[in-house]
Amino acid sequence: MRFITVDATSDHMAEMSVTARQQDKDEVFYQTGRPLRECLDYAYAVSPLSKASYWDGKLAVVWGTETFDKTKAVGIPWLTATPAIYKAKKEFKELSVEMGKQLREGYLYLANHVYTKNTAAIKWIKWMNFVVYPPVRHGPQKKMFHPFDWRSPICVQPQAA
């Protein structure tokens, strides 16, 4: 069995807002002060890449990249999952390889924040070769989040003066 991935729709966002892992719901609320459904609808509306992946016929994950600054090729990767991903760890890693390529396509730099208590997401972000930084207070409730980022190998980094 493998994941089946399709272009996401607003119906996928509605379904995910109900079936998502609690830690994803908490993370989104602590980061934005808004409910998951509202944030997924926004992410879907503004992201050139929005995908939905199914496992065993059930929606398991929605993901994509929001363009933050098109002229500088900067994006914000996002992902929300259901507990189904725990039943398919090996297959989810395989999906993640393709997902990583698609999330990064057309971008020189990606960045976001992950809630410190969302340990499964932190492990996945590290596995996806993002750099995870020490936690900082973030969002309206000032909860602890790890900033994380990825730079394309061709991205020129500023030199110290």
Side-chain angles (χ1 to χ4, degrees), residues 3 5 7-10 12-13 16-17 20-53 59-82 85 89 92-161:
F3 280 90
T5 300
D7 289 335
T9 67
S10 59
H12 292 118
M13 302 306 139
M16 182 58 71
S17 69
R21 299 174 320 134
Q22 186 60 47
Q23 53 269 58
D24 286 346
K25 291 177 182 179
D26 292 345
E27 178 175 279
V28 166
F29 181 73
Y30 294 146
Q31 187 171 25
T32 66
R34 302 191 179 283
L36 180 59
R37 173 66 192 269
E38 187 177 325
C39 292
L40 285 174
D41 286 344
Y42 174 81
Y44 169 71
V46 301
S47 298
L49 173 74
S50 295
K51 298 289 184 175
S53 298
L59 183 62
V61 61
V62 294
W63 50 278
T65 307
E66 174 187 337
T67 301
F68 180 76
D69 184 332
K70 191 172 188 172
T71 61
K72 295 181 182 175
V74 175
I76 302 169
W78 55 271
L79 179 144
T80 303
T82 72
I85 62 169
K89 290 181 183 180
F92 185 65
K93 281 190 172 185
E94 291 169 3
L95 170 66
S96 294
V97 171
E98 182 57 32
M99 188 185 298
K101 291 175 191 172
Q102 291 184 32
L103 288 170
R104 291 174 171 97
E105 188 174 330
Y107 294 95
L108 295 175
Y109 180 74
L110 298 176
N112 205 338
H113 291 78
V114 60
Y115 184 43
T116 56
K117 293 185 180 179
N118 196 346
T119 56
I122 294 167
K123 286 179 188 175
W124 180 79
I125 288 165
K126 288 178 179 178
W127 187 83
M128 293 288 287
N129 293 316
F130 284 89
V131 177
V132 178
Y133 298 97
V136 296
R137 297 212 176 272
H138 178 70
Q141 286 86 19
K142 301 297 181 194
K143 297 284 188 177
M144 297 303 287
F145 279 76
H146 290 283
F148 67 91
D149 67 11
W150 166 85
R151 292 179 195 277
S152 166
I154 64 169
C155 186
V156 177
Q157 298 195 19
Q159 299 296 317

Nearest heavy atoms of [X] and [Y], plus distance in Å:
X      : Y      : result
Ala43  : Ser50  : O-OG, 4.2 Å
Ala73  : Gly106 : CB-O, 3.7 Å
Ala121 : Val114 : CB-CG2, 3.8 Å
Ser17  : Leu36  : CA-CD2, 3.8 Å
Pro140 : Gly33  : CG-N, 3.6 Å

Looking at [atom1] of [X] and [atom2] of [Y], how far apart are the two atoms once the value is rounded to the nearest 0.5 Å?
X      : Y      : atom1 : atom2 : answer
Asp24  : Thr82  : CG    : OG1   : 9.5 Å
Leu59  : Met13  : CG    : CE    : 8.0 Å
Ile85  : Phe92  : CD1   : CZ    : 4.5 Å
Gln141 : Thr32  : CD    : OG1   : 8.0 Å
Arg21  : Met16  : CZ    : CE    : 9.5 Å
His138 : Phe145 : NE2   : CZ    : 5.5 Å

Closer than 3.5 angstrom, by distance alone: can the side chain of [X] be matched with the main-chain N or O of [Y] as a donor-acceptor pair?
X      : Y      : value
Glu66  : Val46  : no
Ser53  : Phe3   : no
His146 : Tyr133 : yes
Asn112 : Ile76  : no
Thr65  : Leu103 : yes

Looking just at side-chain N and O atoms, do [X] and [Y] make a donor-acceptor pair shorter than 3.5 Å?
X      : Y     : value
Trp78  : Ser47 : yes
Tyr109 : Asp69 : no
Gln102 : Glu98 : yes

Could you go through the side chain to side chain contact (heavy atoms under 4.5 Å, CB included) check for Met128 and Leu110 one step at a time?
CA-CA 12 Å; Met128 293 288 287; Leu110 298 176; over 6 Å; no

From CA spacing to verdict: side-chain hydrogen bond (donor to acceptor under 3.5 Å, both in side chains), Ser96, Trp124
CA-CA 9 Å; Ser96 294; Trp124 180 79; 2.8 Å; yes

Any non-hydrogen side-chain atom of Tyr30 less than 4.5 Å from a side-chain atom of Thr116?
no

Is Tyr107 close to Pro77 at the side-chain level, that is, under 4.5 Å between some pair of heavy atoms?
no

Scan for salt bridge (Lys or Arg N to Asp or Glu O under 4.0 Å) pairs involving residues 29-51, sequence neighbours excluded, and state none if there are none.
Asp7-Lys51, Arg34-Glu38, Arg37-Asp41

Could you go step by step and tell me if Leu49 and Glu105 meet the side chain to side chain contact (heavy atoms under 4.5 Å, CB included) rule?
CA-CA 10 Å; Leu49 173 74; Glu105 188 174 330; over 6 Å; no

If we check side-chain hydrogen bond (donor to acceptor under 3.5 Å, both in side chains) with Asn118, which of these qualifies: Glu27, Gln22, Gln23?
Glu27

